Amino acid sequence: MTQSTIPLVKVGMPASDVLMPALERTLYGGMLAEGEQVYEFERRCATAFGLPRVLAMSSGTGALHASLYFAGVRPGDEVISTPITAEPTNVAVLHVGGTVVWSDVDPRSGNADPAAIERAITPRTKAILIVHYAGYPVDMEGVMAVSHRHGIPVIEDCAHAIGARSAGQPVGTHGDFSIFSFQAIKHMTTVDGGLLAFRDSSLEDNIKRFRWFGMDKGVARTNLDVSSVGWKYNMNNVTATIGLCQLDTIDQRVAAHIENGHYYDRAFAGMRHVAPAHFLDCDRPSYWLYTLLCDDSDAVEKALQAEGIGASKLHRRNDLHSLFASSRRPLPGADEFARRYLHLPVGWWVTPEDRDRIVKIVERAA
Ligand SMILES: *Cc1c(COP(=O)(O)O)cnc(C)c1O
């Protein structure tokens with residue numbers, strides 16, 4: 001019997017009998033641009049993700065650009081960040097003319113280490129950018145303590161981490177800004193799209209102008225004065241319609257990731273030559289990907305791939321890109337994590353039989 005292949009990431013769409021009528025209403029409803037569907041999507045995201053104030057964006061990257069700008073990063077300023085992430089996290093620092101300063105990661109999770117962040121602070125540091133990598137929460141109590149000691153704002157990149165909790169609170173509620181992505185392969189997709197959450201309510205109008213050419217919505221264009229540069233980062237009603245349908249089932253999707261993640265955590269805890277990624281007892285990962293640490297990650301990766309299982313190190317550590325050559329410095333924690341980690345499929349499409357099979361292959365190959 002041939003066994004099915006199991007991808008590492010997969011597009012999750014609402015059932016077509018739910019999505020298509022809703023899309024049809026929007027597509028032929030006469031209003032495609034930013035409108036009521038977008039504003040309803042914002043209200044429902046705030047409730048669903050436990051965030052006080054959010055604005056919908058055209059992408060997570062646009063949300064990162066805005067958060068860095070409103071954190072006060074200007075050309076020549078330093079942003080402390082992590083190399084263990086997808087590229088948009090760090091490319092966005094360059095959008096505002098900032099310089100990336102790497103802080104080393106905890107080799108047991110690939111996540112930011114508050115003590116390493118504190119050591120990387122200089123008089124030019126304007127923001128701390130952390131990533132809940134693969135859906136594993138960063139120690140946000142530790143990061144916020146550093147932030148408060150030095151008066152430096154924190155941006156949480158939650159692109160992998162919908163549904164995760166840090167210190168008992170949803171990710172995105174600790175930092176001054178947080179961003180989410182609804183790109184095609186994230187926990188929840190709107191095809192493309194993003195969300196920016198922010199603590200300071202006085203920023204709201206300025207962020208809205210930043211996401212739309214520097215203009216105010218709802219004011220006649222002929223009466224409007226543009227006095228600051230804005231971008232084209234707003235969400236449209238079609239995207240928001242997909243998002244509204246996704247919100248109806250996102251809890252179940254995330255719960256399936258978490259159940260599979262817990263299964264792996266138990267299975268790998270006692271196994272020789274591998275270990276589950278570390279997280280604090282007060283935290284809850286949402287396992288966008290499952291992070292396994294291996295003595296020989298290449299051997300385990302090859303064994304899984306030979307059986308059609310999409311295990312891989314999904315990202316290239318960002319400090320190796322030539323774009324960031326001038327930021328390069330020794331990062332022993334990142335070296336160790338990059339050598340040992342492997343991502344395993346863990347999402348809602350992974351059945352109990354699949355995960356059992358994956359555990360057995362890992363056990364043989366490790
Ligand atoms: C996907 C992703 C982003 C960017 O999101 P887009 O919506 O694709 O712009 C940012 N950070 C991380 C960690 C991501 O994985």
Side-chain angles (χ1 to χ4, degrees), residues 8-12 38 41 45 49 54-69 71 79-96 98 100 102 105 109-112 127-138 154-164 166 171-172 175 177-197 210-211 231-236 239-240 242-243 246 257 277 285-291 312-319 321 323-324 334 337-338 341 343 346-347:
L8 181 60
V9 293
K10 188 163 173 158
V11 171
V38 172
F41 181 64
C45 281
F49 308 141
V54 303
L55 289 170
M57 308 287 284
S58 57
S59 70
T61 306
L64 276 166
H65 183 181
S67 66
L68 286 155
Y69 180 83
V79 177
I80 296 175
S81 186
T82 170
I84 305 297
T85 182
E87 285 76 2
T89 308
N90 291 310
V91 173
V93 174
L94 307 188
H95 291 173
V96 291
V100 173
W102 304 119
V105 299
S109 64
N111 268 339
I128 296 165
L129 180 47
I130 62 91
V131 179
H132 302 289
Y133 186 61
Y136 291 74
V138 167
V154 170
I155 301 166
E156 291 181 64
D157 182 336
C158 307
H160 299 173
I162 279 180
S166 177
V171 295
F177 299 89
S178 61
I179 75 98
F180 293 80
S181 166
F182 307 123
Q183 185 268 341
I185 59 170
K186 304 293 161 73
H187 275 113
M188 176 176 135
T189 182
T190 60
V191 183
D192 262 319
L195 198 70
L196 173 60
F210 185 92
R211 78 173 170 179
W231 307 77
K232 180 63 184 356
Y233 284 158
N234 60 326
M235 184 177 275
N236 64 64
T239 300
I242 301 174
Q246 292 285 36
H257 283 250
S286 61
Y287 302 95
W288 179 53
L289 309 167
Y290 188 82
T291 304
S312 78
K313 299 180 193 274
L314 189 60
H315 301 108
R316 185 177 193 214
R317 51 187 282 189
N318 289 187
D319 57 322
H321 288 298
L323 184 61
F324 300 110
F337 179 75
Y341 87 105
H343 292 310
V346 68

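Atoms within a ligand are numbered from 1 in the order they appear, just like the ligands themselves. The first residue of the sequence shown is numbered 1, and numbering continues consecutively from there. Not measured: the values here are computed from a predicted model.
Residue contact check for ligand 1: K186 places a non-hydrogen atom closer than 4.0 Å to it. Heavy atoms of A92 come nearer than 4.0 angstrom to ligand 1 in no pair at all.
At the shortest separation from atom 10 (C) of ligand 1 among protein heavy atoms lies D157 OD2, 3.5 Å. Remark: minimum distance from atom 3 (C) of ligand 1 to any protein heavy atom is reached at P88 CG, 3.5 Å.
Contact annotation: for T61 versus ligand 1, heavy atoms closer than 4.0 Å belong to both the backbone and the side chain.
The option with the heavy atom closest to atom 8 (O) of ligand 1, from among H315, Q183, E87, is Q183. Residue nearest to atom 12 (C) of ligand 1, selected from S181, G194, A184, A159: A159 (by heavy-atom distance).
Those atoms of ligand 1 with a heavy atom of T89 less than 4.0 angstrom away are 11 (N), 12 (C), 13 (C). Under a 4.0 Å criterion applied to the non-hydrogen atoms of G193, ligand 1 contributes the atoms 7 (O). Remark: ligand 1 atoms within the under-4.0 Å shell around heavy atoms of T85 are 13 (C).
In this structure, F210 and Y233 have tilted ring planes: the angle between them lies in the 30° to 60° band.
Taking SG from C158 and NE2 from H187, the interatomic distance works out to 12.0 Å, rounded to the nearest 0.5 Å.
The shortest N or O to N or O distance between I179 and ligand 1 is not below 3.5 Å. Below 3.5 Å of separation, one finds an N or O of H160 facing an N or O of ligand 1.
Distance alone, capped at 3.5 Å, places no donor-acceptor pair between the T190 side chain and the A240 backbone.
N234 meets the side-chain contact (heavy atoms from CB on, under 4.5 Å) test with E34, R211, W212, K217, K232; sequence neighbours excluded.
The distance between the ring centers of H343 and Y133 falls below 6.0 angstrom.
Tested against F182, the residues I242, L195, T239 include a single side chain to side chain contact (heavy atoms under 4.5 Å, CB included) partner, L195. A side chain to side chain contact (heavy atoms under 4.5 Å, CB included) with W102 holds for exactly one of T82, N318, I84; it is N318.
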Dump the intermediate steps for side chain to side chain contact (heavy atoms under 4.5 Å, CB included) on Y136 and W288, then the final yes or no.
CA-CA 8 Å; Y136 291 74; W288 179 53; over 6 Å; no

